[in-house]
Amino acid sequence: MEITFDRVTKRFGTKTAVEDFSARLPAGVHGLLGPNGAGKTTLMRLMAGILATSGGQILLDGQPVGSMGQSYRAQLGYLPQQFGYYPTFTALDFLLYMAAVKGLPKPYARAEAEELLEKVRLGGETNRKIKTFSGGMKQRLGIAQAMQGKPAIMILDEPTAGLDPKERIFFRNMLADYARDKLVLLSTHIVADIESIAGNVIVIKKGKLLLTGAPDDILQAVQGKVWECSLPLREAEDLSARYPVTSFRHQGNEAFVRLVADYSPCDGATQAPPGLEDLYLYYFADEGVESDGITA
Amino acid sequence: MGSLLSYELKKILKRPFTIVVCVGALAVMVFFTLFAASQMFTYAWGPDVYGSYEAIPQDKLDSAQGDYGLAGQQDGALMYTGLDAIRMEQEYYKSFEGSWDNERLRQIASDYQAYNSNPDIYTEEIDTWALQMREWTLGEEMSPEEIKAYNEANPIYVMKPEYQYGEYQKWFAVSDLLDEYVINPDDSINSFEEAFPLVEQPAVFEYHAGPQFTAQMQNVFVGIMVILMLIAGAAPIFSDEVACRTEPMLLAARYGRDKLVRAKILSGVLFALGSLLVLTVVNVLLNGAIYGFSGYNMPIQLDTFTYSMPFALTYLEYLFVILGFQVLGLCAMAALVMLLSTLMRSAIPVVFASGLFAVVITLLSTMGGGWTRYLSQTLPPGAASPDALLTEALVDGWGKLAVPQWILAIIVCAAIFVVSILVITRKYKALSKV
């Protein structure tokens with residue numbers, strides 16, 4: 001199974017959200033990385049068939065998804081960025097309703113819904129109204145919804161938003177287990193999530209494809225550009241004003257700094273192995289990023 | 001489709017706003033039905049109450065004198081209201097109930113005339129109110145000068161209270177129906193066929209306040225309340241998916257653009273029809289419990305309220321005609337509300353837009369005659385009130401078309417329904433080509 005984006009463009013009036021985007025997505029987990037407004041959600045909505053392309057096409061195994069209709073949507077699991085729900089429905093009601101919209105047979109749908117609720121740790125809340133759920137519980141319900149019917153293609157837009165670190169780790173493990181033979185497109189601001197489960201990373205900026213490849217491969221772009229050093233506090237502060245910093249830690253009168261720079265930023269700086277956060281910061285330092293408590 | 005439909009209905013029925021409107025509509029209808037019954041009144045003269053005097057307990061008789069002594073204080077009569085008045089009226093009707101044909105009508109009219117001609121029942125005072133009433137009756141056939149001459153030649157005197165509030169009360173059951181036949185100024189009505197040309201002999205005549213109030217309530221309150229319920233229930237059907245942010249998930253799901261859309265449309269229509277059914281059943285049973293169920297097999301032309309109806313129908317058939325038009329008008333209105341629901345991002349503007357549409361169309365009927373009234377009675381929700389269609393279509397103006405207005409209303413409502421449904425389904429079908 002392979003999804004192909006063939007020179008896909010999406011315009012909203014005069015604004016171009018996605019421009020001439022081409023990529024091939026075989027089975028596996030694909031992490032979509034980019035700052036706010038980069039076009040991640042638009043790209044995912046295009047892939048989910050909710051938006052029409054302004055140019056180019058999206059193909060599933062060579063067939064335009066637009067012409068596939070139900071047969072394409074039957075293979076989709078989609079969690080939008082903002083998970084919506086019906087306030088008066090219970091968790092079980094909601095999953096059974098979505099199962100009906102997805103065309104799952106009734107007895108199967110019920111058994112699967114109960115199983116999924118257990119899986120996302122909502123087994124004890126099946127008959128509780130969703131409006132009483134916390135943000136994390138709603139998000140887990142949304143994830144369960146996306147997994148209904150074991151879809152071959154899953155599109156998850158910010159699935160870990162609102163989850164606490166324990167829930168995120170649990171979700172990552174669950175997804176890794178689920179996605180062995182499936183195609184998952186995952187977008188998140190939390191770089192660590194992509195780093196830990198995505199076999200392929202797609203980096204987009206202003207609607208255009210910037211980089212794509214396995215994490216180790218794309219990290220080559222910042223190989224030799226990540227530096228660590230310990231400096232007196234004032235010098236460290238000067239440095240952090242001039243370079244994108246991924247870590248700044250006080251050590252008595254000194255500070256430990258990890259930053260991204262093309263050349264050694266100071267005497268005594270040592271090169272460090274790059275991570276996705278470094279890569280992200282290298283390309284998007286001017287656009288802001290949230291990551292495990294680090295803000296650049 | 002079945003489970004999708006049941007979930008869509010569940011969504012409608014569980015919305016607090018819908019529940020409040022439905023309960024409110026039922027409460028308003030029950031209130032007005034009971035209020036109308038409480039306003040019923042009839043009189044009795046002293047202890048010689050005409051009809052089933054025995055049926056009224058003495059304590060009620062005593063309290064009635066205290067509570068409702070309006071007439072009694074002045075003329076020595078008792079005025080009964082509410083259920084007591086209804087039971088007494090039912091007794092009054094018994095003298096005239098049964099099978100009516102030419103012979104029976106002639107006999108009743110003759111008795112009525114004889115009773116009215118008895119000089120012993122009158123005072124010497126001229127009854128200006130009765131003269132006024134007669135002028136209204138004669139007004140259609142005579143000039144004001146002719147009426148004046150007729151009244152001078154045939155004066156009406158004030159009836160003595162013991163007759164007016166006594167035995168004469170029973171004649172109110174048929175007096176309106178018989179007046180034209182008895183007065184007959186141009187000598188054109190001399191038989192049952194001429195008095196009731198659409199009614200086949202023998203015809204059933206019964207106490208018919210039950211079906212009469214049921215039909216009136218169905219036309220007015222049920223017609224309005226069911227539109228309110230429909231708007232409350234159908235407005236969120238599509239718009240709430242945007243407001244709840246569930247639309248993307250639905251659009252990405254297998255049946256989210258076809259079967260689900262059909263289930264939503266069907267749920268809106270079923271909710272509207274279900275609301276109509278519930279209100280109708282409550283209306284029929286409530287009025288039946290108050291006034292009884294007699295009269296449903298009576299021709300509507302034997303009731304002064306529906307005397308001019310141009311179609312030969314019994315009350316039961318008439319009620320079904322009303323229901324038929326309401327079903328049609330509701331389906332069209334439901335489709336319109338759902339169409340608006342697909343165009344807006346929240347139920348609130350849909351409620352306002354639909355409500356505004358319904359109010360404007362309804363108000364058009366009050367803006368004089370001509371095309372405004374015609375339009376009002378051809379478009380939903382006005383078309384859901386067939387009373388106007390069946391009568392007003394006969395007057396001059398836009399109603400006098402080659403195609404009777406009620407047929408045009410059917411065509412217009414059906415067209416609105418079909419076009420709205422097509423637009424909704426096409427909108428989602430177009431999305432599936434994405």
Side-chain angles (χ1 to χ4, degrees), chain A residues 10 41 44-53 57-58 64-90 93-94 96-106 109-110 129-131 138 142 145-146 148-149 151 153-155 157, chain B residues 1-20 22 232-233 236-267 271 342 345-347 425-434:
Chain A
K10 179 64 189 176
T41 294
M44 294 187 127
R45 288 167 75 92
L46 286 167
M47 185 169 159
I50 295 164
L51 291 176
T53 57
Q57 56 183 346
I58 301 168
V65 297
S67 65
M68 293 175 70
Q70 270 190 18
S71 66
Y72 175 64
R73 294 197 299 275
Q75 302 180 61
L76 277 186
Y78 177 49
L79 175 67
Q81 191 174 19
Q82 288 179 309
F83 168 65
Y85 62 93
Y86 306 107
T88 56
F89 273 33
T90 64
D93 278 341
F94 180 74
L96 292 178
Y97 172 69
M98 287 308 298
V101 184
K102 291 176 184 211
L104 303 178
K106 252 187 186 175
R110 191 170 192 91
K129 285 196 172 159
I130 309 173
K131 66 179 172 187
K138 284 174 193 162
Q145 170 278 137
Q148 277 182 295
I153 302 164
M154 271 226 283
I155 303 165
D157 197 352
Chain B
M1 181 81 165
S3 47
L4 280 178
L5 181 61
S6 67
Y7 276 113
E8 289 305 323
L9 282 170
K10 194 174 170 181
K11 277 200 235 171
I12 296 174
L13 295 171
K14 280 198 158 186
R15 280 190 197 101
F17 180 62
T18 313
I19 294 169
V20 168
C22 289
I237 287 178
F238 288 97
S239 60
D240 250 20
E241 304 297 355
V242 181
C244 291
R245 301 195 303 268
T246 42
E247 195 184 48
M249 276 183 292
L250 299 180
L251 291 177
R254 184 178 187 180
Y255 294 139
R257 300 168 191 200
D258 33 50
K259 275 190 185 177
L260 180 66
V261 175
R262 291 201 289 274
K264 279 178 175 293
I265 292 169
L266 199 55
S267 71
F271 172 74
T342 62
R345 302 178 68 82
S346 151
T425 49
R426 283 196 172 213
K427 182 185 167 182
Y428 285 90
K429 257 189 190 164
L431 273 174
S432 68
K433 290 197 173 71
V434 166

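Quick caveat, the model's predicted, so the values are computed rather than measured. In what follows, chains carry the letters A, B, and so on, assigned in the order in which the sequence lines appear, proteins first and then strands, with residues in each chain numbered from 1.
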Value rounded to 0.5 Å, distance of CG in B:L251 from CG in A:L76: 11.5 Å

Please rank A:S71, A:G103, A:A146 by heavy-atom pairs under 4.5 Å with chain B and give me the top one. A:G103

What orientation do B:Y7 and A:F89 show, parallel under 30°, tilted 30 to 60°, or perpendicular over 60°? tilted

Under a 4.5 Å heavy-atom cut-off, does chain B meet the side chain of A:Q145, its backbone, both or neither? side chain

Quick check: closest heavy atoms across A:A100 and B:Y255, and the distance to 0.1 Å? O-CD1, 3.8 Å

If you count the non-hydrogen atoms of other residues, nucleotides and ligands that lie under 6.0 Å from CZ in A:R110, is the total more than 12? no

Engaged part of B:K14 at the chain A interface, taking heavy atoms whose separation is under 4.5 Å: both

Heavy-atom distance under 4.5 Å between the side chains of A:K106 and B:S3, does that happen here? yes

Do you know which two heavy atoms are closest between B:A252 and A:I50, and how far apart they sit? CB-CD1, 4.3 Å

Could you please spell out the steps behind the side chain to side chain donor-acceptor pair (under 3.5 Å) verdict for B:K11 and A:Y97? CA-CA 10 Å; B:K11 277 200 235 171; A:Y97 172 69; 2.8 Å; yes

Value for CD (A:Q82) from OG1 (B:T246), rounded to nearest 0.5 Å, stands at 12.0 Å

Within the distance-only criterion (no hydrogens, no angle test), does the side chain of A:R73 pair as donor or acceptor with the backbone N or O of B:A253 below 3.5 angstrom? yes

Residue selection (most heavy-atom pairs with chain B, distance under 4.5 Å) from A:A99, A:P87, A:A74: A:A74

All heavy atoms of A:G49 vs all of B:R257, minimum pair found to be O-NH2, 2.6 Å

Looking at B:R245, I'd like to know if its CZ atom is crowded, meaning that more than 12 non-hydrogen atoms belonging to other residues, nucleotides or ligands lie closer than 6.0 Å. yes

Part of A:M98 lying under 4.5 Å from any heavy atom of chain B: side chain

So which part of A:L96 gets closer than 4.5 Å to some heavy atom of chain B, the side chain, the backbone, both or neither? both

Let me confirm one number: the CD-CE distance from A:Q148 to B:M249, rounded to the nearest 0.5 Å. 10.0 Å

I'd like to know which of A:L104, A:D93, A:I155 tops the heavy-atom pair count under 4.5 Å against chain B. A:D93

Contact class of B:L260 relative to chain A, heavy atoms under 4.5 angstrom: side chain

